[in-house]
Amino acid sequence: MTQTLINKKAVSEKYSELYQVNRSTLDQGSSPVLNRMRDIAIKRFEQQGVPGFKNEDYKYTNLERVFGKEYRHIFEYEKVDVDLNEVFRCDVPQLDTYTILLVNGWYYARNKQLEGLPDGVVVGSLKQVANEQPELLENYLNRQAALSDDPLVALNTAFAQDGFFMYVPENVKFEKPVQVINLTRAQEAVFSTQRNLIIAGANSEAKVIFCDHTLTSSECLGNSVTEVFVGDRAVVDVYAVQNQNNKSNAINSVFFKLGEKSNLMSGVASLHGGLIRNNLLVSMDGENAEANVYGMSFTDKRQHVDNYTNIQHNQANCLSNQLYKNVLDEDSVGAFTGRIHVARDAQKTNAFQRNNNVLLTDTAKMNTKPQLIIDADDVKCSHGATVGQIDLDALFYMRQRGIGEADARMMLMNAFAHEVVQEIRIEPLRDRIDELVEKRLKGELGKCNNCDA
Amino acid sequence: MLTIKNLKASVEGKQILNGLNLEIKPGEIHAIMGPNGAGKSTLGNVLTGREGYEITEGEVSFMGQDLLDMAPEDRARMGLFLSFQYPVEIPGVPMVNFLKASVNEHRKFKGQEPLTAGEFLKLMREKKEMLHLDSQLTNRSVNEGFSGGEKKKNEIFQMAMLEPKLAILDETDSGLDIDALRVVAEGVNALKSPERSAIVITHYQRLLDYIVPDFVHVLYNGKIVMSAGKELALELEEKGYDWIKKEFA
Ligand SMILES: Nc1ncnc2c1ncn2[C@@H]1O[C@H](COP(=O)(O)OP(=O)(O)O)[C@@H](O)[C@H]1O
Ligand SMILES: [Mg+2]
């Protein structure tokens with residue numbers, strides 16, 4: 001069934017055509033705030049098409065192949081034939097969260113009613129909120145994403161219908177994390193377009209954990225966009241645990257806009273998945289903001305994980321910390337591109353970036369590329385990247401103390417990853433990720449949950 | 001306990017050990033001295049199974065078993081311990097986890113139950129006190145940011161925790177002040193028993209004032225060229241190695 005289109009133009013035209021044919025279905029049931037963006041977005045997509053190797057930002061990831069395959073597109077909510085609340089139960093101990101399920105990018109209709117949300121907090125379906133309370137989205141939806149010239153972000157905007165929405169009003173400290181479980185579930189290859197929006201008002205607090213899973217073994221492609229608005233003095237944590245099957249492909253673009261004195265923690269753990277591309281863009285638009293951006297991946301077989309970060313220091317006195325670590329086994333391929341741009345007036349900027357990688361085989365491959373563009377003169381910037389093997393001296397030292405080789409390797413890799421894990425600011429999640437990482441390294445991680453689907 | 005017969009080993013095609021013979025009986029302390037580059041550390045590495053060395057000839061038996069056939073961890077579990085000349089820093093691996101894994105692997109090998117957390121902490125406290133070890137060191141990653149002296153003391157601390165049958169101390173005294181030297185010696189002497197042995201590799205007589213050897217060997221050009229009682233150490237301290245180099249060139 002799946003037919004591979006190798007021609008970039010043909011691949012891109014396929015999506016334009018899909019758009020034209022389904023335009024009215026897309027609009028039906030969607031709010032005007034979503035619909036009014038579509039035509040401009042598809043034009044922007046068409047200008048560049050699916051990014052190929054010539055696109056400097058995508059040079060390490062060939063997307064023509066995955067976009068060229070045939071997928072089923074879902075333009076209307078599809079009823080789920082089982083109760084997903086039963087099928088899926090996350091067993092993170094002590095992690096008391098509000099749990100929200102999405103299926104193939106759509107907000108699950110039978111999500112449980114959330115009890116005890118703080119006053120004014122809205123958690124729900126983007127589609128529904130856009131229809132019922134469009135004023136909540138008005139000044140936010142696509143305000144960051146539209147600044148991007150990434151054709152895949154435009155493609156998402158053209159097709160966006162639903163996703164996760166959260167609004168935390170100013171001064172509200174929303175302590176309990178919201179866990180968004182993105183499930184891909186279909187008999188055949190599906191394409192999902194998920195659009196998320198998170199708004200944290202001034203002086204508020206919010207924590208969101210995205211968990212990506214596949215419940216079926218069919219091939220799939222997801223192209224998601226998430227916009228996160230962090231108000232002045234707000235503190236926001238966004239974590240992502242990517243644990244899909246190795247036939248799935250995902251492009252996730254996340255935009256953060258940071259207000260004055262705000263504080264962001266972003267953590268991405270890529271455990272399983274075929275091809276993963278994470279775009280993470282932070283726009284520091286208020287003075288004294290702080291962005292902590294962390295990521296790690298564990299890959300084997302023919303997995304491909306590409307992290308692209310872009311930190312825009314637009315205002316003075318901001319701090320950004322980036323740390324990405326990858327462990328690559330077998331024939332897997334990784335990439336890290338870390339761009340830091342310090343604007344002309346962003347004096348007293350502190351921007352730090354580090355990318356450390358361990359290759360466990362001769363055939364694993366890592367591409368790492370820092371890009372620093374500094375237009376201010378009074379800044380502290382540093383970046384460093386390493387690609388190495390496991391430390392054989394340390395391995396021998398441990399074995400000389402009686403620790404078996406496999407255990408010693410495990411301890412070394414855990415230690416390597418732990419530098420990232422320890423930054424997670426939700427303690428039970430930190431412990432759980434530690435456990436998941438260990439399972440992943442031992443090859444025991446099929447799924448990270450109690451789900452029996 | 002340990003019998004080395006005609007051991008020849010090379011690194012990157014270069015022969016370092018040239019037919020080395022050595023016999024160590026239970027309860028004995030052997031000092032090995034010799035100029036830099038003689039092959040002293042190579043001997044320690046070959047005995048403990050470090051990769052990168054090619055054994056071209058010879059045999060080594062330890063506690064009646066063919067040592068050269070065993071994985072490094074099995075040699076260690078059988079009671080062979082190396083105090084490294086250059087202990088390795090392992091960032092991110094906490095001392096406590098490392099030691100606990102190590103102690104429990106040794107216990108498992110002997111068919112003993114693993115220590116409970118309480119028992120382990122108690123054992124650790126005892127040994128730290130015995131060696132006057134800064135108790136903060138065990139709260140850090142293995143050797144990470146330790147001073148030279150702290151690293152060496154940490155080796156002796158690990159030795160005290162594991163109570164090996166045969167300990168090889170590779171220049172554990174180098175770079176230590178006299179107080180630290182005493183601590184190291186105390187650690188070794190505390191383990192002294194009719195069943196335990198040690199190989200003390202050193203350049204200096206002064207350690208041997210505290211750890212009194214039964215035999216002193218001179219290793220030169222990958223061979224033991226001279227063996228005698230503890231008085232040989234004094235002679236070497238006085239005369240240096242030039243006369244050895246001349247005689248055995
Ligand atoms: N890994 C290695 N690669 C190449 N040469 C080595 C290696 N290890 C040791 N050697 C060489 O072997 C010889 C003996 O070294 P070593 O055993 O460290 O001596 P000692 O401990 O007696 O000072 C030296 O010439 C040293 O350069
Ligand atoms: Mg040496």
Side-chain angles (χ1 to χ4, degrees), chain A residues 269 294-298 323-327 354-358 360-362 384-424 430-431 433-435 437-438 440-442, chain B residues 44-53 70-110 114 140-144 151 154-155 157-159 161-164 167-168 170:
Chain A
Y294 295 94
M296 57 183 168
S297 78
F298 305 88
L323 176 62
Y324 275 78
K325 288 190 144 188
N326 307 292
V327 178
R354 187 149 57 86
N355 171 230
N356 300 123
N357 308 286
V358 174
L360 299 178
T361 61
D362 294 341
T386 58
V387 180
Q389 276 79 39
I390 203 149
D391 183 348
L392 292 177
D393 290 334
L395 191 65
F396 177 67
Y397 189 79
M398 298 174 90
R399 295 177 77 186
Q400 208 307 298
R401 297 301 185 247
I403 301 170
E405 185 178 0
D407 289 342
R409 278 179 181 276
M410 202 60 61
M411 284 172 87
L412 289 173
M413 287 191 280
N414 257 321
F416 178 77
H418 193 75
E419 198 191 353
V420 174
V421 178
Q422 71 184 6
E423 298 293 342
I424 296 172
R430 185 164 66 228
D431 297 344
I433 300 272
D434 250 339
E435 235 172 86
V437 166
E438 190 165 333
R440 174 67 182 89
L441 289 170
K442 283 185 180 158
Chain B
N45 289 337
V46 167
L47 291 179
T48 50
R50 194 181 193 121
E51 273 173 43
Y53 296 88
M70 278 186 256
E73 51 268 40
D74 289 328
R75 302 180 197 203
R77 292 166 188 166
M78 276 183 69
L80 183 61
F81 180 91
L82 175 65
S83 167
F84 286 66
Q85 184 175 359
Y86 304 108
V88 185
E89 298 198 11
I90 316 180
V93 175
M95 269 301 292
V96 175
N97 297 10
F98 168 72
L99 268 176
K100 203 166 171 192
S102 171
V103 166
N104 283 333
E105 285 295 347
H106 278 75
R107 291 181 66 86
K108 192 160 100 191
F109 189 78
K110 290 184 218 147
R140 299 184 14 204
S141 290
V142 179
N143 292 321
E144 193 187 24
K151 282 181 183 163
N154 191 24
E155 296 292 289
F157 168 58
Q158 292 172 46
M159 183 185 77
M161 292 287 289
L162 297 172
E163 303 189 332
I168 304 167
D170 191 355

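Model, not experiment: these values are computed from the prediction. To find a chain, count down the sequence lines: A is the first, B the second, and so on, and within it residues start at 1.
When all heavy atoms of Phe396(A) and Pro72(B) are compared, the pair lying nearest together is CE1-CB, 4.0 Å.
With hydrogens and angles left out, the side-chain atoms of Asn143(B) and Tyr397(A) include a donor and acceptor closer than 3.5 Å.
Here Arg77(B) is the residue among Arg77(B), Met161(B), Met78(B), Lys108(B) with the most heavy-atom pairs under 4.5 Å with chain A. Considering only heavy-atom pairs separated by less than 4.5 Å from chain A, the leading option among Ile90(B), Leu82(B), Asn45(B) is Leu82(B). Heavy-atom pairs under 4.5 Å with chain A were tallied for Arg75(B), His106(B), Gln158(B); the largest tally goes to Gln158(B). The candidate with the highest count of non-hydrogen atom pairs below 4.5 Å against chain B, out of Ala417(A), Gly402(A), Ala415(A), Ala394(A), is Gly402(A).
Rounded to the nearest 0.5 angstrom, Glu89(B) CD and Asp391(A) CG are separated by 10.5 Å.
Remark: Glu155(B) engages Arg401(A) in a salt bridge, criterion side-chain N to carboxylate O under 4.0 Å.
Residue contact with chain B, scored on non-hydrogen atoms closer than 4.5 Å, is absent for Asn414(A). Using a 4.5 Å cut-off between heavy atoms, Val103(B) does not touch chain A at all.
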Mind running side chain to side chain contact (heavy atoms under 4.5 Å, CB included) on Arg399(A) and Glu105(B) for me, showing each step along the way? CA-CA 10 Å; Arg399(A) 295 177 77 186; Glu105(B) 285 295 347; over 6 Å; no
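Side-chain contact check for Asp393(A) versus Arg50(B): some heavy-atom pair is nearer than 4.5 Å.
Although no hydrogens or angles enter the test, the distance criterion places no donor-acceptor pair under 3.5 Å between the side chain of Gln400(A) and the main chain of Thr48(B). For Glu73(B) (side chain) and Glu405(A) (main-chain N/O), a donor-acceptor pair under 3.5 Å exists by modelled atom type.
Residue-level contacts of residues 91-98 of chain B with chain A, in order of numbering, are Pro91(B), Gly92(B), Val93(B), Asn97(B), Phe98(B); threshold 4.5 Å between heavy atoms.
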